[in-house]
Amino acid sequence: MFYKLLIVAFLAVSLYGTPSDGQKKKETLLSEKVSQMMEWASKRAVIRLNGEKFRRLIRAPPRNYSVVIMFTALQSQRQCAVCKQADEEYQILANSWRYSSAFTNRIFFAMVDFDEGSDVFQMLNMNSAPTFINFPAKGKPKPADTYELQVRGFAAEQLARWVADRTDVHIRVIRPPNYAGPLMLGLLLAFIGSLAYLRRNNLEFLFNKNVWAFSALCFVLIMTSGQMWNHIRGPPYAHKNPNTGQVSYIHGSSQAQFVAETHIVLLFNAAVTLGIVLLHEAATSDLDLGKRKIMCVAGIGLVLLFFSWLLSIFRAKYHGYPYSFLFG
């Protein structure tokens with residue numbers, strides 16, 4: 001009977017003691033991983049990961065923290081200008097988290113550079129950069145855990161909204177002081193003041209309707225080309241396909257745009273406007289007939305050519321739009 005009790009006790013220890021030991025090892029491993037991440041984050045807001053660190057700290061269980069990772073290619077030979085721009089905004093977001101009350105061990109910000117972790121890119125079947133992915137504390141990343149860079153842009157404020165939506169960690173973005181804007185405004189005001197002082201005896205240019213018309217036209221062209229959208233969303237200047245190397249300056253969706261695209265649209269609108277002005281001058285000016293004919297032909301050419309290009313851009317972004325002119 002005594003031997004039977006020993007056997008029962010041995011079986012109980014074998015069955016119920018092992019999971020307890022395993023649980024302790026799991027908790028110890030998790031504690032070590034969190035301590036390691038916190039130590040790195042305290043030194044640098046964005047933790048740099050290679051293949052070994054990614055597999056050990058992100059892929060391998062256990063893990064009770066979320067990790068937002070920017071997959072990028074910052075080396076100069078990669079010629080990824082967008083990566084550098086996105087990295088600046090990402091650093092602002094991570095530092096805003098690091099030096100605020102939102103700094104906890106629930107979430108960390110990390111980076112995998114292609115030249116330091118190409119095996120990670122292969123593991124995730126990733127062929128473009130930059131890409132932002134949230135690795136949640138539980139489960140695998142869902143489609144919504146991949147940031148829609150082409151739609152939302154890479155401004156730190158947009159990234160913060162996405163992080164809050166995926167992790168429930170709200171980060172107030174704090175940007176470092178930028179004195180370029182006030183400095184340029186001060187220089188402009190100084191230039192205008194100096195000009196007004198030098199011509200204080202002849203200020204008729206302030207009442208020149210052509211000056212005010214040109215200024216208003218420039219303002220309208222800047223606003224209608226989408227510059228304010230760029231300022232709010234912070235989209236990339238263009239997109240370079242990492243496989244083919246082809247650079248796209250026009251975004252293929254009506255929900256987003258590139259900075260280069262707004263510059264192109266601004267120039268096209270300016271050319272159409274110039275064509276209209278030439279046509280008006282050809283019809284109303286007192287120049288000789290030959291010059292007026294040249295102005296008329298040039299105006300018609302500018303309007304037809306650049307309006308056709310504008311329409312082709314519109315068709316490329318709004319798929320299914322049936323109309324075109326000169327260019328299909």
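Heavy atoms only: backbone and side chains are in, while hydrogens, waters and symmetry mates are out.
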Can you tell if the side chain of Asn134 reaches within under 4.5 Å of the side chain of Ser66, non-hydrogen atoms only? yes

Under 4.5 Å between side-chain heavy atoms, hopping through other hydrophobics if needed: is there a path connecting Val82 to Phe258? no

Closer than 3.5 angstrom, by distance alone: can the side chain of Lys33 be matched with the main-chain N or O of Arg56 as a donor-acceptor pair? yes

Enter the distance from Ser225:OG to His263:NE2 here, rounded to the nearest 0.5 Å. 7.5 Å

Option among Lys138, Arg166, Lys140 that satisfies the salt bridge (Lys or Arg N to Asp or Glu O under 4.0 Å) test with Asp145: Arg166

Close aromatic pair by centroid cut-off 6.0 Å: Phe135 and Phe54: yes

Just by modelled atom types, is the Asp115 backbone N or O under 3.5 Å from a matching donor or acceptor in the Gln75 side chain? no

Taking a hydrophobic cluster as the set of Ile, Leu, Val, Met, Phe, Trp and Tyr residues connected by side-chain heavy atoms closer than 4.5 Å, whether directly or through intermediates, do Phe109 and Ile174 fall within one such cluster? no

So Gln91 and Met111, side chain to side chain contact (heavy atoms under 4.5 Å, CB included) or not? Walk me through it. CA-CA 10 Å; Gln91 295 288 343; Met111 173 195 303; 3.8 Å; yes

Within the 4.5 Å heavy-atom criterion, are Val112 and Leu49 side-chain neighbours or not? yes

Atom NE2 of His170: over 12 foreign heavy atoms under 6.0 Å: yes

Is Arg44 reaching over with its side chain to a backbone N or O of Val46, donor-acceptor style, under 3.5 angstrom? no

Begin from the C-alpha positions of Lys43 and Glu39 and carry the test salt bridge (Lys or Arg N to Asp or Glu O under 4.0 Å) through to its verdict. CA-CA 7 Å; Lys43 297 177 181 178; Glu39 180 183 353; 3.6 Å; yes

May I ask you to test the Thr167-Arg106 pair for a side-chain heavy-atom distance under 4.5 Å? no

Do Leu29 and Met37 share a hydrophobic cluster, counting only Ile, Leu, Val, Met, Phe, Trp and Tyr and linking them when any side-chain heavy atoms are less than 4.5 Å apart? no

Which of these passes side-chain contact (heavy atoms from CB on, under 4.5 Å) with Leu279: Leu274, Ile300, Leu302? Ile300

Check: Ser100 side chain, Trp97 main-chain N or O, donor-acceptor pair, under 3.5 Å: yes

Is the CD atom of Glu148 crowded by more than 12 outside heavy atoms at less than 6.0 Å? no

Output yes when a side-chain donor or acceptor of Trp162 lies under 3.5 Å from a complementary backbone atom of Thr146, and no otherwise. no

For residues Asn95 and Ala45, report the shortest heavy-atom separation together with the two atoms involved. OD1-CB, 3.6 Å

Over all heavy atoms of both residues, which pair between Phe121 and Asp113 is shortest? Give the atoms and the distance, please. CE1-C, 4.1 Å

Distance col, row Thr284:OG1 vs Arg292:CZ, nearest 0.5 angstrom, shows 8.0 Å

Where do Tyr65 and Leu57 land on the side chain to side chain contact (heavy atoms under 4.5 Å, CB included) test, with the steps shown first? CA-CA 10 Å; Tyr65 49 85; Leu57 298 170; 4.2 Å; yes

I would like to know whether Arg175 and Glu89 meet salt bridge (Lys or Arg N to Asp or Glu O under 4.0 Å); could you show each step before the answer? CA-CA 9 Å; Arg175 292 183 175 274; Glu89 294 295 313; 2.6 Å; yes

Value for CZ (Arg59) from CE (Met123), rounded to nearest 0.5 Å, stands at 5.5 Å

Evaluate whether atom CZ of Phe314 has more than 12 neighbouring non-hydrogen atoms of other residues, nucleotides or ligands under 6.0 angstrom away. yes

Taking the side chain from Ser31 and the backbone from Glu27, do they hold a donor-acceptor pair closer than 3.5 Å? no

Got a donor-acceptor contact below 3.5 angstrom from the Ser35 side chain to the Glu32 backbone? no

With side chains defined as the heavy atoms from C-beta onward, is the minimum distance between Trp40 and Lys53 less than 4.5 Å? yes

Linking I/L/V/M/F/W/Y whenever any side-chain heavy atoms sit under 4.5 Å apart, do Ile92 and Phe108 land together? yes

How many angstroms lie between CG in Asn269 and CD1 in Ile264, if you round to the nearest 0.5 Å? 12.0 Å

Correct closest heavy-atom pair for Leu221 and Thr273 would be CD2-OG1, 4.2 Å

Under-4.0 Å salt bridge between Glu88 and Lys84: no

Taking C-beta and beyond as the side chain, do Thr72 and Tyr90 meet within less than 4.5 Å on heavy atoms? no

Provide the closest heavy-atom pair for Ala110 versus Val67 in the form atom of the first, atom of the second, distance. CB-CG1, 4.0 Å

Over 12 non-hydrogen atoms of neighbours within 6.0 angstrom of CZ in Phe103: yes

Side chain to side chain contact (heavy atoms under 4.5 Å, CB included) for Val34 and Asn64? Distances and angles first, verdict last. CA-CA 9 Å; Val34 173; Asn64 64 351; 3.7 Å; yes

Joint hydrophobic cluster, Leu310 plus Leu304, side-chain heavy atoms closer than 4.5 Å: yes

From Phe71 atom CZ to Cys83 atom SG, the distance as rounded to the nearest 0.5 Å: 13.0 Å

Is a side-chain N or O of Gln257 found less than 3.5 angstrom from the main chain of Thr262, in a donor-acceptor match? no

Phe154/Leu149 under side chain to side chain contact (heavy atoms under 4.5 Å, CB included): CA gap, chis, key distance, verdict: CA-CA 6 Å; Phe154 48 69; Leu149 179 66; 3.5 Å; yes

Closest non-hydrogen atom pair between Cys80 and Pro130, with its separation: SG-CD, 4.4 Å

So, for Val163 and Ile107, which heavy atoms are closest and what is the spacing to 0.1 Å? CG1-CD1, 3.7 Å

Under 3.5 Å, side chain of Arg98 to main-chain N/O of Ala41, donor-acceptor pair present? yes

Hey, could you give me the CG/CZ distance between Leu74 and Phe114, rounded to the nearest 0.5 Å? 13.0 Å

